[in-house]
Asks: 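Once you've had a glance at the structure underneath, I'll fire off some questions.
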Amino acid sequence: SMDSWDQAPAAGVIEELTTADLARLSPPAAPAPDAPITSGGTESNLVALLLARERAAGGPLRVVTGANAHHSVHRAAWMLGLPAPTVVACSKGRIDPAALDRALTGLAGSPLLVVATAGTTDEGRIDPLPETARIAERHTAQLHVDAAYGGPLLFSERLAPQLAGLEHAATVTFDLHKLGWQPVAAGVLAVADAAMLAPLSLRADYLNADDDTEAGLPDLLGRSIRTTRRPDALKMAVTFRALGRRGLAELVEHCVRTAEEFGRAVDAHPRLRLRPGGIGISTVLFRPVVADAVSDEAGDAVVAAVRRILLAEGRAVLGRAVAEDGHGRSRLWLKATLLHPDAATADLLPLLDLVTAAADRALREASAAEDTEVPETERLSP
Ligand SMILES: Cc1ncc(COP(=O)(O)O)c(C=O)c1O
């Protein structure tokens with residue numbers, strides 16, 4: 001367990017070396033970066049808000065985030081006793097900079113934290129980070145970026161520019177059980193300056209007595225909100241050693257390329273529609289065309305039914321996401337988040353016909369149910 005040095009001397013060294021490497025990934029411009037290990041994106045976001053709250057002066061911290069943010073941002077504010085976050089509208093799945101500017105202006109005078117997302121849960125979109133950082137700075141707001149999904153783009157020289165602007169963040173959430181292929185748990189919270197972790201420091205004589213620390217035993221307790229914790233850095237270190245940064249980059253690039261190819265196949269399929277705006281990182285949103293031939297409500301019901309049919313038949317497990325349809329309306333989409341580093345596009349193509357067949361069945365079943373439905377007037381009559 002990583003709560004005291006005497007229990008985990010070897011794991012302590014491994015964690016120190018691994019987090020030092022992770023800290024160098026981002027934020028690159030930071031003077032003394034650090035990257036403590038967490039249990040996942042949820043805990044990273046919680047600790048980010050906690051550290052921001054502790055840095056805030058002159059009133060309760062106001063969190064401002066996009067409508068595309070992960071639910072854990074809202075839950076973290078709730079757990080920390082902060083006012084509910086102000087939610088900023090998005091355009092095409094990304095935070096709208098003008099709306100962000102207006103929201104921050106409306107909260108002038110309060111300590112502020114902007115939470116942007118690099119790789120949204122629903123669509124894989126990356127908020128406009130350089131613009132978001134500029135606006136946050138203009139309003140003297142702190143900036144946290146939830147890069148739980150998109151963070152590993154940093155491994156790839158080709159893809160890392162998509163995260164330009166991340167270097168302005170005070171804290172960044174990473175979650176290597178997504179594009180990092182770690183078994184759960186594998187969260188990381190990168191901080192621009194190790195001194196920012198001071199609020200986590202804690203003395204408990206049975207774990208980090210002053211005299212032990214003075215005698216040179218490293219103090220691990222102040223690196224987490226947890227006490228007992230597993231040496232999760234070990235498996236990360238093994239992966240980094242085995243694959244190297246280039247090896248990880250190749251896996252990330254493979255997933256992105258597979259998603260691009262899958263997206264093109266969806267787009268070319270006469271009976272499927274790719275969500276306008278294209279794929280996001282390795283996330284492909286799509287719908288069967290037949291779902292657009294009926295009312296919005298009935299169409300969304302077909303999409304939801306497709307997912308359940310494939311799940312119940314044991315054929316495929318697709319995600320779902322509500323997202324704009326390109327005409328300003330929210331619609332339900334099937335979601336394929338491609339994270340398997342060995343899956344090839346050819347492995348995924350059979351999914352397209354499975355989806356269209358399931359959509360036909362869902363539509364047939366919906367119209368059969370409608371035919372047999374007793375009209376409401378009859379149902380109410382005595
Ligand atoms: C953008 C984003 N942030 C945070 C999380 C939460 O991460 P975890 O489930 O590891 O707590 C997720 C998804 O799980 C996510 O997609």
Side-chain angles (χ1 to χ4, degrees), residues 22 26 35-52 63-80 85 87-88 90 92-95 113-129 132 143-154 159 162-163 165-166 169-191 224-226 229-230 232-233 235-236 239 252 255-256 259 279-285 317-323 333-340:
L22 281 165
S26 169
I37 305 291
T38 69
S39 60
T42 299
E43 186 185 319
S44 291
N45 286 341
L46 173 66
V47 176
L49 264 66
L50 169 65
L51 300 181
V63 178
V64 179
T65 194
N68 57 2
H70 190 257
H71 72 79
S72 57
V73 174
H74 297 266
R75 192 182 280 222
W78 169 69
M79 285 196 278
L80 294 166
V87 176
V88 173
C90 289
K92 300 194 171 101
R94 304 163 83 220
I95 212 164
L113 172 71
V114 173
V115 178
T117 310
T120 58
T121 312
D122 276 342
E123 302 184 52
R125 302 282 177 221
I126 299 170
D127 280 335
L129 299 177
T132 301
L143 177 62
H144 169 63
V145 177
D146 177 356
Y149 172 23
L153 295 182
L154 289 173
L159 300 172
Q162 292 185 29
L163 297 187
L166 199 67
T171 47
V172 179
T173 287
F174 292 100
D175 203 2
L176 297 176
H177 75 74
K178 300 181 183 355
L179 278 175
W181 302 284
Q182 299 301 303
V184 173
V188 175
L189 179 68
V191 299
S224 178
I225 54 170
R226 290 174 287 160
R229 58 188 175 90
R230 291 160 53 105
D232 288 315
K235 64 201 177 194
M236 298 180 195
T239 302
V252 175
C255 290
V256 171
I279 69 160
I281 303 185
S282 65
T283 299
V284 184
L285 297 192
V317 185
L318 279 166
R320 53 184 280 165
V322 174
W333 300 83
L334 295 167
K335 177 172 80 163
T337 306
L338 303 178
L339 295 176
H340 199 299

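Note that the structure is predicted; figures quoted are calculated from it, not measured. Counting starts at 1 for both ligands and their atoms, following the listed order.
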Asks: So does K92 have more than 12 non-hydrogen atoms from other groups sitting under 6.0 Å from NZ?
Replies: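 No - once you tally the heavy atoms of other residues, nucleotides and ligands closer than 6.0 Å, there are 12 at most.
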Asks: Please determine, by modelled atom types, if S282 and Y149 share a side-chain donor-acceptor pair under 3.5 angstrom.
Replies: yes
Asks: Give the residue and atom name of whichever protein heavy atom lies nearest to atom 3 (N) of ligand 1, and the separation in Å to one decimal.
Replies: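 Protein heavy atom at minimum distance: D146 OD2, 2.7 Å.
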Asks: State the atoms of ligand 1, each with its element, that fall below the 4.0 Å cut-off from a heavy-atom position in A148.
Replies: 2 (C), 3 (N), 4 (C)
Asks: Quick one: side chain to side chain donor-acceptor pair (under 3.5 Å) partners of R226, sequence neighbours excluded?
Replies: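 Checked R226 against side chain to side chain donor-acceptor pair (under 3.5 Å); matches are E43.
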Asks: With heavy atoms only and a cut-off of under 4.0 Å, state how E43 meets ligand 1: side chain, backbone, both or neither.
Replies: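 Neither part.
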Asks: Ligand 1 and S72, any nitrogen or oxygen pair closer than 3.5 angstrom?
Replies: no
Asks: Return yes if some donor-acceptor pair links the side-chain N/O of W333 with the main-chain N/O of D122 below 3.5 Å, else return no.
Replies: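 No, because the side chain of W333 does not come within donor-acceptor range (under 3.5 Å) of the backbone of D122.
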Asks: V114 versus T65: any side-chain heavy-atom pair under 4.5 Å?
Replies: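 The answer is no; the side chains never approach within 4.5 Å.
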Asks: So for G187, does at least one of its heavy atoms come nearer than 4.0 angstrom to any atom of ligand 1?
Replies: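 The answer is no: ligand 1 sits nowhere under 4.0 Å from a heavy atom of G187.
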Asks: Identify the closest protein heavy atom to atom 7 (O) of ligand 1: which residue and atom is it, and at what distance?
Replies: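 Protein heavy atom with the smallest distance to atom 7 (O) of ligand 1: D175 OD2, 3.1 Å.
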Asks: Hey, are R229 and D232 close enough for a salt bridge, meaning a charged N less than 4.0 Å from a carboxylate O?
Replies: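 A salt bridge is absent here (no side-chain N lies under 4.0 Å from a carboxylate O).
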Asks: With respect to T121, determine whether any N or O atom, backbone or side chain, lies less than 3.5 Å from an N or O atom of ligand 1.
Replies: yes
Asks: So which heavy atom in the protein is nearest atom 6 (C) of ligand 1, and how far is it from that ligand atom?
Replies: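 Scanning the protein heavy atoms, the shortest distance from atom 6 (C) of ligand 1 goes to H70 CE1, 3.3 Å.
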Asks: Donor-acceptor pair, distance only, cut-off 3.5 Å: does the side chain of K178 make one with the backbone of G150?
Replies: no
Asks: At a 4.0 Å threshold, what atoms of ligand 1 neighbour a non-hydrogen atom of G119?
Replies: 1 (C)
Asks: Give me the residue, atom name and distance of the protein heavy atom closest to atom 14 (O) of ligand 1.
Replies: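 The answer is K178 NZ, 2.8 Å.
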Asks: When you compare ligand 1 with G40, is there at least one nitrogen or oxygen pair between them that comes in under 3.5 angstrom?
Replies: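 Not met; the criterion fails.
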Asks: Got the closest protein heavy atom to atom 11 (O) of ligand 1, with its distance?
Replies: T42 OG1, 2.6 Å
Asks: List in chain and number order the residues that pass side chain to side chain donor-acceptor pair (under 3.5 Å) with T38, two or more places apart in sequence or in another chain; answer none if no residue qualifies.
Replies: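 S44.
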